[in-house]
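Throughout, numbering of the chain's residues begins at 1 and tracks the sequence.
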Amino acid sequence: MTLPLSGILVVSLEQAVAAPQATCRLADAGARVIKIERPEGDFARGYDDYVHGESANFVWLNRGKESVVLDLARNEDKALFAAMLAKADVFVQNLKPGAIAKLGFPIPELRKKHPRLICCSISGYGETGPYRSRKAYDLLVQAESGLASITGGPDAPARVGFSVADIGAGMNAYQAILEALIARSRTGEGATIQVSLFDAMAEWMTVPLLSHEGGHPFRRIGLAHAAIAPYGVFRSRDDADILISIQNDREWRVLADRVLGDAAIADDPKFATNRDRVAHRFETDRLVGTAFARHDVEKLTQMLDTAGIAFARVSDCALLSSHPHLRRITVDTPSGPATLPAPAPIVDGERRYGAVPALGAHTEQIRAEFG
């Protein structure tokens, strides 16, 4: 079938996670993505060797692309790069601010020379501002943006368990590129786009920030809720962790009757309303914990489901791997096929996904095509 971005050429001078995230989505949507790598390759290729000897990060974010090795210190390769940009619809780069200009390709000049070109630059703190020259890896931005301060338990800030700042910036870049392509179809004009990891996380921090500025700062409480009880993790007899969420007093009465086995608890003055239960959180949690500990996880989840109580198993990756709702796709890699979690959107059924390229696999083809 014809994909939405068929016929769109994307040239990407990219590495690591953020820019590859954006261009991977463009490739999934049918764009031709030419990934330019330095002679030693995108350093994300060496992050780990967990997928048949390939990097898990690289396999995830580079399917459907063509890999071209260029040394942009060489005039011949600069000329090839310029020829590619002359035909491109989209140019993505995530070098540090100022680096692309030092290579001889300042974004304002590219936009003047190629008015239809959409240029997207991704960096840690953006192209302007006092921190623009700082190195900004994902965890550093999680810390600087305040995200780490609201993540984890009471004892210490924590890292979100994957590269959320990189991924957030990449998805924002993808969205902005799609908007620019739609606008260009109407006006004929390209666009200059800047996305920073810090801005991506700062925007996602809106509710905690506004709460703080309104005099109600967030507190780290782990898998719990500061204003609702019971809302947290309780352990079954066979040591499975179950997270429950009681949103109102009606749900509390159902939980007390059909899961805790004591309908009278719901009318106890210490537990009758959410405000009462929050004031007596320790005793509330002890009641729930004692009842949960009487049942194995299979029986307990069945009781919760039948009662209409909102709950979730606190899964680890082993449980996710066999989860009944986990959809997978298969992509080819240089060392064999790999199965990955499927992208979230399902549009007119499942689509086929391109292969992960070996380093420089398309270099000679590209030299012949654009040389």
| request: Spell out, as yes or no, whether a donor-acceptor pair under 3.5 Å connects the side chain of Thr23 to the backbone of Leu26. | output: no

| said: Is there a continuous path of hydrophobic side-chain contacts, each under 4.5 Å between heavy atoms, that joins Tyr50 to Trp60? | reply: no

| task | Indicate yes or no for a side-chain donor-acceptor contact from His362 to the backbone of Ile34 under 3.5 Å, with no hydrogens or angles considered. | result | no

| Check: Leu260 main-chain N/O paired with Arg294 side-chain donor or acceptor under 3.5 Å | yes

| task | Flag yes if Leu181 and Val195 sit in one hydrophobic cluster, no otherwise; membership is Ile, Leu, Val, Met, Phe, Trp, Tyr, and two members link when side-chain heavy atoms are under 4.5 Å apart. | result | yes

| task | Report yes if the side chains of Lys35 and Glu66 come closer than 4.5 Å at any heavy-atom pair, otherwise no. | result | no

| message | Assess, by modelled atom type and distance only, whether the side chains of Ser236 and Asp238 contain a donor and an acceptor separated by less than 3.5 Å. | response | yes

| message | Tell me if a side-chain donor or acceptor on Thr363 pairs with a main-chain N or O of Val69 at a distance below 3.5 Å. | response | yes

| note | Of all heavy-atom pairs linking Ile228 and Ile246, the shortest is CG2-O, 3.0 Å

| Is Met171 reachable from Met205 through a run of hydrophobic residues whose side-chain heavy atoms are each under 4.5 Å from the next? | yes

| task | Output yes when Arg277 and Asp249 qualify as a salt bridge under the 4.0 Å nitrogen-oxygen rule, no when they do not. | result | yes

| Criterion side chain to side chain contact (heavy atoms under 4.5 Å, CB included) on Val254 and Val259, from CA distance to verdict | CA-CA 8 Å; Val254 173; Val259 180; over 6 Å; no

| Got more than 12 heavy atoms from elsewhere within 6.0 Å of NE2, His114? | yes

| Test item: Phe292 and Arg235 side chains (from C-beta on) under 4.5 Å apart, heavy atoms | no

| Is the closest side-chain heavy-atom distance between Gln15 and Arg38 below 4.5 Å? | yes

| Would you say the ring centroid of Phe198 lies under 6.0 angstrom from that of Tyr131? | no

| query | Looking at Glu14 and Lys65, does any basic side-chain N land under 4.0 Å from a carboxylate oxygen? | reply | yes

| query | Are the side chains of Leu320 and Asp316 in touch, meaning some heavy atoms are under 4.5 Å apart? | reply | no

| request: State yes or no: do Leu117 and Ile100 share one hydrophobic cluster built from I, L, V, M, F, W and Y residues joined by side-chain heavy-atom distances below 4.5 Å, directly or via other members? | output: yes

| Thinking salt bridges, do Glu144 and Arg134 make one under a 4.0 Å N-O criterion? | yes

| query | Salt bridge between Asp77 and Arg367, side-chain N to carboxylate O under 4.0 Å? | reply | yes

| task | Evaluate the side-chain proximity of Val11 to Phe370: yes if any heavy-atom separation is below 4.5 Å, no if none is. | result | no

| Would you say Leu95 and Leu103 make side-chain contact, with heavy atoms under 4.5 Å? | yes

| Is a donor on one side and an acceptor on the other found under 3.5 Å between the side chain of Ser145 and the backbone of Met201? | no

| query | Would a distance-only check, ignoring hydrogens and angles, find a side-chain to backbone donor-acceptor pair under 3.5 Å from Arg220 to Ser149? | reply | yes

| Quick one: do Arg184 and Asp89 make a salt bridge, cutoff under 4.0 Å? | yes

| Shortest non-hydrogen contact from Leu359 toward Pro39 | CD2-O, 3.8 Å

| said: Could you go through Arg237 and Lys299, starting from their C-alpha distance and side-chain angles, then the distance that decides it, and tell me whether this counts as side chain to side chain contact (heavy atoms under 4.5 Å, CB included)? | reply: CA-CA 10 Å; Arg237 183 167 59 189; Lys299 173 65 173 177; over 6 Å; no

| Closest non-hydrogen atom pair, Arg253 against Ala266 | CG-CB, 3.5 Å

| query | Roughly how far, to the nearest 0.5 Å, is the CD1 atom of Ile107 from the CZ atom of Phe105? | reply | 10.5 Å

| query | Does Arg63 pair with Asp332 as a salt bridge, N-O distance under 4.0 Å? | reply | no

| Pair Ser335, Glu54: side-chain N/O donor-acceptor within cut-off below 3.5 Å | yes

| message | On a heavy-atom basis, which atom in Lys270 and which in His280 lie closest, and how many Å separate them? | response | O-ND1, 3.4 Å

| task | Walk me through it: do Asp28 and Leu5 pass the test side chain to side chain contact (heavy atoms under 4.5 Å, CB included)? | result | CA-CA 9 Å; Asp28 286 350; Leu5 296 185; over 6 Å; no

| field | Pair Glu189 + Arg116: basic N to acidic O under 4.0 Å | value | no

| said: Set out, in order, the CA-CA distance, both residues' side-chain angles and the distance that settles side chain to side chain contact (heavy atoms under 4.5 Å, CB included) for Lys87 and Leu9, then state yes or no. | reply: CA-CA 8 Å; Lys87 295 184 179 180; Leu9 174 60; 4.2 Å; yes

| request: For Glu298, look at atom CD and say whether over 12 heavy atoms of other residues, nucleotides or ligands are found less than 6.0 Å away. | output: no

| Closest heavy-atom pair and its distance - Ala180, Ala191 | CB-CB, 4.0 Å

| Spatial distance of atom NE2 (His225) from atom CG (Leu243) [nearest 0.5 Å] | 11.0 Å

| message | Is any side-chain heavy atom of Asp42 closer than 4.5 Å to one of Phe58? | response | yes

| note | When rounded to the nearest 0.5 Å, the distance separating CG of Leu197 from OH of Tyr125 is 9.0 Å

| query | If only atom types and distance count, is the side chain of Asn172 paired as donor or acceptor with the main-chain N or O of Gly168 below 3.5 Å? | reply | yes

| Quick one: does Ile329's side chain get under 4.5 Å of Thr339's, heavy atoms only? | no

| message | Can you give me the closest heavy-atom contact between Ser196 and Gly126, atom names plus distance? | response | CB-N, 3.4 Å

| query | Should Leu304 and Leu287 be counted in the same cluster of Ile, Leu, Val, Met, Phe, Trp and Tyr side chains packed under 4.5 Å apart? | reply | yes

| message | One pair to check against side-chain hydrogen bond (donor to acceptor under 3.5 Å, both in side chains): Gln247 and Ser245. What are the steps and the verdict? | response | CA-CA 6 Å; Gln247 294 288 314; Ser245 170; 2.6 Å; yes

| task | Determine yes or no for a side-chain-to-main-chain donor-acceptor pair under 3.5 angstrom, with Asp138 supplying the side chain and Asp166 the backbone. | result | yes

| Between CZ of Arg219 and CD1 of Ile150, what distance do you get to the nearest 0.5 Å? | 13.5 Å

| query | With a 4.0 Å cut-off, would you call Arg132 and Glu127 a salt bridge? | reply | no

| Does the ring centre of Phe311 sit less than 6.0 Å away from the ring centre of Phe234? | no

| message | Quick one: does any side-chain atom of Arg313 pair with a main-chain N or O of Ser315 as donor and acceptor, under 3.5 Å? | response | no

| said: With a 3.5 Å distance limit and no angle check, can you tell me whether Asp276 reaches the backbone of Thr273 through a side-chain donor-acceptor pair? | reply: yes

| note | So OG of Ser211 and NE2 of His216: to nearest 0.5 Å the spacing works out to 8.0 Å

| request: Look up atom CZ in Phe81 and atom CD1 in Ile36, then write down how far apart they are to the nearest 0.5 Å. | output: 4.5 Å

| When the ring planes of Phe271 and Trp252 are compared, do they come out parallel, tilted or perpendicular, using 30° and 60° as the limits? | tilted

